[in-house]
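Step one of this worksheet: look at the structure below.
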Amino acid sequence: MAPFRILSFDIECAGRKGHFPEPTHDPVIQIANLVTLQGEDQPLIRNVMTLNSCSPIVGVDVMSFDTEREVLLAWRDFIREVDPDIIIGYNICKFDLPYLIERAQALKIAEFPILGRIRNSRVRVKDTTFSSRQYGTRESKEVTVEGRVQFDLLQVMQRDYKLSSYSLNSVSAHFLSEQKEDVHHSIISDLQNGNAETRRRLAVYCLKDAYLPQRLLDKLMFIYNYVEMARVTGVPISFLLSRGQSIKVLSQLLRKAKQKNLVLPNVKQAGSEQGTYEGATVLEARAGFYEKPIATLDFASLYPSIMMAYNLCYCTLVTPEDVRKLNLPPESVNKTPSGETFVKSNLQKGILPEILEELLAARKRAKADLKEAKDPLEKAVLDGRQLALKISANSVYGFTGATIGQLPCLEISSSVTSYGRQMIEHTKKIVEDKFTTLNGYEHNAEVIYGDTDSVMVQFGVSSVEEAMNLGREAAEYISGTFTKVYFPYLLISKKRYAGLFWTKPDKFDKMDTKGIETVRRDNCLLVKNLVNDCLHKILIDRDIPGAVQYVKNAISDLLMNRMDLSLLVITKGLTKTGDDYEVKAAHVELAERMRKRDAATAPNVGDRVPYVIIKAAKGAKAYERSEDPIYVLENNIPIDPQYYLENQISKPILRIFEPILKNASKELLHGSHTRSISISTPSNSGIMKFAKKQLTCIGCKALLGKGNHTLCPHCKGREAELYCKTVTHVSELEMLFGRLWTQCQECQGSLHQDVLCTSRDCPIFYRRKKAQKDMAEAKLQLDRWNF
DNA sequence: AGCTGGTTGACAAATTTTTAATTGC
DNA sequence: CTGCACGAATCAAGCAATTAAAAATTTGTCAACCAGCT
């Protein structure tokens, strides 16, 4: 089979000054294209189509046109000529493609939207919303281009990875360690209206936006993984991006049923009946800091195994009446702990167990092949396949429990979970019964925690090796698997713990954290870093005083206003539309305010909203104090360090330190380091509007009388010293700013041009802006000496 | 009339409940 | 063949758990008020 032809593209359009571009008014000014053959590193074609003249770019075919109509038609012809199988880009489904179509409509170019592989078939655009528990609610557009798969990397990222920001910039930084500049749309117009040189600059941005999605596609091997998934589950690739999990299971069911000459019933929607059933058991967590190794016993793919072992399926479920009528012998049926009855496989083999058997067998084969594979490409293919098979196996159970689905069957799902509950309780009991001093073991084993398919056991031994041996013995005894040991282990509560992860006795593999702030996206970076570094110091370095000192320094820095704004940005997802929220929340209110400022760039449903908490009147709710970080930076609004200390840092830190340190609260949050509070910059809102700013002495901050601009009489004698100090301060800040500026220039790839980037996701951007503000302020101080 | 003790209502503080976000398995 | 109006059909893996913030409710406090007693 010929390799796929992949087109990556990006468009730039010029909005009227200060407005986000709209297809009815604003022209498309540039389109950048990259065409690549699947599996090859270098693109076949690199080109840019641009309105008005543009200076040449090395290695790129630059096509300048005089009218927008020519640009659009050139692109249409280009698509038809290249005839790509897959069209990729970043946010192309919601922005680039619909924009081109609608723009062509506005310009009345009727012959433009014929881009697919069906002759004379026009591209159609439709608004859609997708909503599921797993992926959340998201508004998008459906663009039909026959014969070409649209593979929008934004959608892929949002589905496959949980990130705190999904901007192309932030995603590229995360996966490719490569930044891109974020240029505000108002600047795009300026560059377009400049000269051939500024348009060249714009073209370079545009090309980069087409290049990065291509890099992501290669690096993360999406084509392999998605093609494998499509093959295994039997759905088109577009379904994997536009539909949910259940269509995959349904497709497999249909395929299997067809083989067996069966048909699936058309189950009517059960109305508003939202039946729910009992799920898995989570064992009570004995919270604490464990300095002895903790062994983890678990059952590999528990739910699929249960369904296979007990032959649970739609076609094996019988009612008590059936049992009587058909006179089924008791040895031919299983009664599940939840009270349902299923016939055994000798009478009727279930379809679901059969699907699962095949999936798991195929996964086993893929894993075996993976071990033998040498070629990295082949490895990638096989790893993608085995992962796809695992996910498929796990979602079969979920499908039967989906009450608003095609074929719900709560009898199956509740039976699965009831067996699961029985197994974990049973495991806990026999481990604690067997490994006792009475039975000749050195210590009594204690189950300290367990969730769904795993139990954490403290055997009481102090070496990792002994714990591993006992773990293996126990696993054999309960016919489960033994995988790992945690040592040391910090158990905070159910679903929240951290520990060093050992799979071999000589060295730990990594630090593993579950459920706590380091892995949650709704915390600011400050909290994430702080918790992570503390855990590192406590678990790996075993240096508790060091961790305490570290926290104190961080708190002191925060209160002194020395904290970088990028560390204080909190992000939360906007999960529903504004009116559906019943209570006011910080990110929802901010999104609403931003909508009023500029409707086009405000966050939408499904987007994540970044915000910081600013100073305000005492007693103001958090939702009244949330603000856009960029806005805060530009308008010099003071943030509220106290909020970050009390509402962000304090509780997570205490949860970690409480099991380790007595008086943790006193030690960490009320020490002398919390008294070094900086004088806040006066807010330009509320009562402060009426306060007059008075000059203070540069030496000692005492208020100065009239006609006195620099020093109070007391400091008069130190003139030379203080002047030097101010000069040094300014030059230090100038150097810092210069360094950051150069860094941004390097990022944009040129040291000879102005920096235009305003990326919300880039820490350098925040620091550069702050350095700029500080420098301006310091210069103002210096100017006072000239009086 | 003046004092006392109890009641009441307004408001603040404390506590509980609800809502939303997010993760574990 | 396209565009438009209208109606019908389709679609969405699961539960358990923690945490923070807002909203609702209870509790506490204090002053004003009033009736009864000395």
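All chains are named by letter (A, B, ...) in the order of the sequence lines, taking the proteins before the strands, and each is independently numbered beginning at 1.
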Practice item. Determine yes or no for a side-chain-to-main-chain donor-acceptor pair under 3.5 angstrom, with A:Y449 supplying the side chain and A:K495 the backbone. Key: yes
Review point. So, the side chain of A:S493 versus the backbone of A:R496: is there a donor-acceptor pair under 3.5 Å, distance only?
Key: no
Check your understanding: Does NZ or CZ of A:R159 fall inside the cone over A:Y226's six-membered ring, less than 6.0 Å from its centre and within 45° of the axis?
Key -> no
[options]: which one has an atom nearest the side-chain heavy atoms of [X]?
| X | options | result |
| --- | --- | --- |
| A:P652 | C:dA20, C:dA21, C:dA16 | C:dA20 |
| A:Y277 | C:dG14, C:dA21, C:dA13 | C:dG14 |
| A:N647 | C:dA22, C:dA12, C:dA21 | C:dA21 |

Check your understanding: Side-chain N or O of A:R421 less than 4.0 angstrom from OP1 or OP2 on C:dA16?
Key -> no
Review point. Under 4.0 Å between a side-chain N/O of A:Q406 and OP1 or OP2 of C:dT10, yes or no?
Key: no
Between [N] ([atom2]) and [X] ([atom1]): distance, integer Å:
| X | N | atom1 | atom2 | result |
| --- | --- | --- | --- | --- |
| A:K621 | C:dA23 | NZ | P | 6 Å |
| A:E589 | C:dA22 | CD | C1' | 11 Å |
| A:Y644 | C:dA21 | OH | P | 11 Å |
| A:R655 | C:dA17 | CZ | C1' | 13 Å |
| A:E142 | C:dT10 | CD | P | 16 Å |
| A:Y623 | C:dA20 | OH | P | 20 Å |
| A:L352 | C:dG14 | CG | P | 16 Å |
| A:I118 | C:dC1 | CD1 | C1' | 15 Å |

Exercise for review: With sequence neighbours excluded, tell me which residues meet side-chain hydrogen bond (donor to acceptor under 3.5 Å, both in side chains) with A:Y397.
Suggested key: A:Y277
For [X], answer base if it contacts any base atom (sugar-phosphate contacts may also be present), sugar-phosphate if it contacts only those atoms, and nothing otherwise; contact means non-hydrogen atoms under 4.0 Å.
| X | value |
| --- | --- |
| A:S395 | nothing |
| A:S246 | sugar-phosphate |
| A:G398 | base |

Point to revise | A:S167-A:D761 side chain donor-acceptor pair, cut-off 3.5 Å | key: yes
Point to revise | Any donor-acceptor N or O pair under 3.5 Å, side chains A:Y581, A:T575 | key: yes
**Study point:** A:A622 vs A:S121, nearer the 5' end of DNA chain C by closest nucleotide
**Key:** A:S121
Review point. Which letters describe nucleotides 18-25 of chain B, given B = protein heavy atom under 4.0 Å from base, S = only from sugar-phosphate, - = neither?
Key: -SSBBSBS
Point to revise | Partner of A:E111 by salt bridge (charged side-chain N to carboxylate O under 4.0 Å, His left out), out of A:R122, A:R76, A:R69 | key: A:R69
My understanding is that a pair needs two contacts under 3.5 Å, Watson-Crick or G-U wobble. By that rule, which nucleotide pairs with [N]?
| N | result |
| --- | --- |
| B:dG5 | C:dC34 |
| C:dC11 | none |
| B:dC11 | C:dG28 |

Exercise for review: Evaluate the side chain to side chain contact (heavy atoms under 4.5 Å, CB included) criterion for residues A:M307 and A:V416: first the C-alpha distance (whole Å), next the side-chain angles of each, then the deciding distance (0.1 Å), finally the verdict.
Suggested key: CA-CA 7 Å; A:M307 293 175 83; A:V416 171; 3.5 Å; yes
